[in-house]
A.B. asks: 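Could you have a look at this structure, given as structure tokens, before my questions?
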Amino acid sequence: AQSVTQPDIHITVSEGASLELRCNYSYGATPYLFWYVQSPGQGLQLLLKYFSGDTLVQGIKGFEAEFKRSQSSFNLRKPSVHWSDAAEYFCAVGARNRDDKIIFGKGTRLHILP
Amino acid sequence: EPEVTQTPSHQVTQMGQEVILRCVPISNHLYFYWYRQILGQKVEFLVSFYNNEISEKSEIFDDQFSVERPDGSNFTLKIRSTKLEDSAMYFCASAEREGTEAFFGQGTRLTVV
């Protein structure tokens with residue numbers, strides 16, 4: 001079964017600074033990988049996904065993530081954060097089988113300093 | 001843009017009562033899911049549903065829970081005899097086919113009092 005680890009529970013960065021949120025996964029084959037964002041009291045919005053091909057994927061809101069098979073990682077990056085990026089970020093991994101259920105990490109809460 | 005719709009957005013129920021959470025997946029999607037998020041915690045998989053049957057369920061999804069696709073468009077989660085610890089945000093999701101992303105609804109916040 002697949003699993004995902006987000007080692008940072010909270011991250012604080014200043015507005016305009018760069019951001020990297022870490023995600024490590026465990027799965028026997030190449031997984032599907034996702035990053036979702038959740039604002040307080042809101043649903044889950046897909047930022048980006050990796051299925052195959054180019055290991056650097058671009059998402060919405062200026063986010064990107066890089067799949068590194070050797071490190072079993074799928075870290076999320078943004079070169080310059082905005083105050084509106086303050087939210088909870090979930091990395092998720094999906095299995096390549098009929099069910100394709102997604103397993104979520106515990107999330108990283110991003111705080112932005114003005 | 002098509003979206004997954006969940007109703008109600010917020011439901012308050014008394015302990016021991018039954019609740020039904022409703023979801024309308026995207027129309028051409030074939031895979032359906034329910035997830036739960038207890039306040040301040042991670043999003044947890046409950047159950048997946050394909051071809052009119054449960055394909056996988058987590059240990060959370062015990063006999064208290066059931067899912068149904070009653071009419072080809074709705075996808076419901078029934079919780080019998082609710083407990084205080086069932087209070088959570090419940091998310092429905094659907095996917096078009098194997099290997100595609102799941103789209104999530106906005107969630108139903110269930111509060112058991």
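Sequence lines set the chain letters: A, B, ... in the order given, protein chains first and strands last, and positions in each chain run from 1.
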A.B. asks: NZ of A:Lys78: more than 12 outside heavy atoms within 6.0 angstrom?
C.D. replies: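 Yes, the 6.0 Å shell around NZ holds more than 12 heavy atoms from other groups.
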A.B. asks: Same hydrophobic cluster for A:Tyr50 and A:Phe104, using side-chain heavy-atom links shorter than 4.5 Å among ILVMFWY?
C.D. replies: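 Yes, one cluster joins them.
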A.B. asks: Quick check for you: to the nearest 0.5 Å, what is the distance between B:Phe103 atom CZ and A:Leu46 atom CG?
C.D. replies: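 Rounded to the nearest 0.5 Å, the CZ-CG separation comes to 7.5 Å.
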A.B. asks: Is it the side chain or the backbone of B:Gln6 that comes within 4.5 Å of chain A heavy atoms, both, or neither?
C.D. replies: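 Neither the backbone nor the side chain of B:Gln6 comes within 4.5 Å of chain A.
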A.B. asks: Treating Ile, Leu, Val, Met, Phe, Trp and Tyr as nodes and any side-chain heavy-atom pair under 4.5 angstrom as an edge, say whether B:Val24 and B:Val19 lie in one connected cluster.
C.D. replies: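 No, B:Val24 and B:Val19 fall in different hydrophobic clusters.
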A.B. asks: Of the backbone (N, CA, C, O) and the side chain (C-beta and beyond), which part of B:Ala102 lies under 4.5 Å from a heavy atom of chain A, both, or neither?
C.D. replies: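 It is both, since atoms from each part get that close.
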A.B. asks: Between A:Lys106 and chain B, which part of the residue has a heavy atom less than 4.5 Å away: side chain, backbone, both or neither?
C.D. replies: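 Both parts, heavy atoms under 4.5 Å.
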A.B. asks: In Å and rounded to the nearest 0.5 Å, what is the OH to CD1 distance from B:Tyr33 to A:Ile102?
C.D. replies: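 That separation rounds to 6.5 Å.
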A.B. asks: Under 4.5 Å between any side-chain heavy atoms of B:Glu101 and A:Phe51, yes or no?
C.D. replies: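 Yes; the side chains approach each other to less than 4.5 Å.
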A.B. asks: I'd like to check B:Gln37 versus A:Gln38 (side-chain heavy atoms, cut-off strictly below 4.5 Å). Are they in contact?
C.D. replies: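 Contact flag for B:Gln37/A:Gln38 side chains = yes.
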A.B. asks: Is it true that A:Leu113 and A:Ile9 fall in one hydrophobic cluster, defined by side-chain heavy atoms closer than 4.5 Å?
C.D. replies: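 Cluster IDs for A:Leu113 and A:Ile9 differ.
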A.B. asks: If Ile, Leu, Val, Met, Phe, Trp and Tyr residues are connected whenever their side-chain heavy atoms lie under 4.5 Å apart, and connections chain through other members, are B:Leu84 and B:Ile60 in the same group?
C.D. replies: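 B:Leu84 clusters together with B:Ile60.
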A.B. asks: Honestly curious: do B:Leu39 and B:Ile79 fall in one hydrophobic cluster under the side-chain, below-4.5 Å linking rule?
C.D. replies: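 Cluster IDs for B:Leu39 and B:Ile79 differ.
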